[in-house]
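Structure, as structure tokens:
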Amino acid sequence: MAELTFFAGTMDCGKSTLALQMDHNHRARGLAGIIFTRLDRSGEAVLSSRLGLATPAVEVTEDLDLWDVVVARMTSGGRVDYLICDEAQFYSPQQVEQLARVVDELDIEVFAFGITSDFRTQLFPGSQRLVELADRTQLLQVSALCWCGRRATHNARVVDGVMVVEGEQVVVGDTADPEHEAQVEYEVLCRRHHMRRMNSRAAQAAALSADVLPFDLDACPVPQQG
Ligand SMILES: [Zn+2]
């Protein structure tokens, strides 16, 4: 019986590598699948990993109907045993519902991979719908570490070196933000340092200056004596 499985993690948890490996393992067993992705790091219609591996994929544009893509492939004589859906946090809730329908009505295995929450620690709509509908949600082992050495569980957006907690939900990293002409990057942090807005550059600056403690003193008022 086919299932909808959601593999959830943070930014640097190696989920695209796992997605590529899942595809390879299924093909090695003689199965045929379709790979979907959206806003992949290396551009449109490619699923790529940080290790440099890549494979062609169907780009999930805003109005793409995933159910229609699968049905069209099958009615033109193609075989579909499974779907690999990377960057699923960027899919719309409706597209996630289409995936559930593919599982239930066509008995096709669906493996979705995505980041759970955004740089404000709030769920992406696609990930929220996946958590709600998936037969299984599997948290990926976090391999990345915060600069302090703890497990990196939260994504931080860094604009010109400074961590921000406001802005558009989706801004692809390592690109110049045309509106602000600023360099946008992402960094994974532990929750403690995400809450304190302490990315690695802020920590370095604090360490270099003996006068500055690595948190905001205004947030912890000292009681007045006498
Ligand atoms: Zn930390």
Side-chain angles (χ1 to χ4, degrees), residues 5-21 38-42 48-53 86-90 112-128 130-131 134 136-177 179-223:
T5 308
F6 180 36
F7 294 93
T10 51
M11 222 139 197
D12 286 335
C13 67
K15 62 180 178 47
S16 296
T17 305
L18 182 62
L20 282 165
Q21 189 163 10
R38 177 156 194 187
L39 305 170
D40 185 88
R41 59 173 68 77
S42 67
S48 69
S49 75
R50 274 171 204 268
L51 305 178
L53 302 168
D86 200 26
E87 308 292 359
Q89 72 275 8
F90 295 144
F113 298 81
I115 296 167
T116 41
S117 50
D118 66 11
F119 71 105
R120 301 165 304 186
T121 70
Q122 287 165 12
L123 284 171
F124 283 100
S127 302
Q128 182 181 339
L130 275 162
V131 169
R136 279 190 308 142
T137 294
Q138 200 163 326
L139 286 179
L140 294 175
Q141 190 70 40
V142 177
S143 54
L145 299 176
C146 179
W147 56 265
C148 71
R150 285 193 192 86
R151 288 186 336 124
T153 50
H154 288 70
N155 297 308
R157 181 180 293 170
V158 179
V159 178
D160 283 339
V162 178
M163 183 177 159
V164 297
V165 292
E166 280 170 20
E168 292 287 311
Q169 187 170 48
V170 179
V171 176
V172 177
D174 300 325
T175 54
D177 174 356
E179 203 180 317
H180 305 98
E181 293 181 357
Q183 185 68 27
V184 178
E185 301 162 291
Y186 288 89
E187 182 178 349
V188 287
L189 301 173
C190 68
R191 187 191 57 242
R192 181 173 318 218
H193 286 122
H194 196 286
M195 292 301 194
R196 287 177 182 174
R197 302 188 194 181
M198 268 303 264
N199 61 321
S200 56
R201 198 186 297 189
Q204 268 170 11
L208 288 173
S209 161
D211 303 332
V212 182
L213 290 170
F215 47 81
D216 186 358
L217 282 177
D218 294 340
C220 341
V222 179

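Whatever order the structure lists them in is the order used to number ligands and atoms, beginning at 1.
To the nearest 0.5 Å, the span separating CZ on Phe6 from CG on Leu139 amounts to 9.0 Å. Annotation: the span from Arg196 atom CZ to Leu189 atom CG amounts to 12.0 Å, rounded to 0.5 Å.
With a 4.5 Å cut-off on side-chain heavy atoms, Asp118 and Gln169 count as touching.
Within 6.0 Å of the CZ atom in Arg197, the count of heavy atoms belonging to other residues, nucleotides or ligands does not exceed 12.
Near-neighbour remark for the Zn ion (ligand 1): protein N, O or S atoms under 2.8 Å are Cys146 SG, Cys148 SG, Cys190 SG, His193 ND1; waters not counted.
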Please list, one pair per line, the donor and acceptor atoms closer than 3.5 Å that link side chains of residues 149-156 to other protein atoms, with sequence neighbours excluded.
from	atom 1	to	atom 2	distance (Å)
Asn155	OD1	Met11	N	3.0
Asn155	ND2	Ser117	O	3.1

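Note on ring orientation: taking the six-membered ring where Trp is involved, the planes of Phe90 and Phe124 are perpendicular (angle over 60°, cut-offs 30° and 60°).
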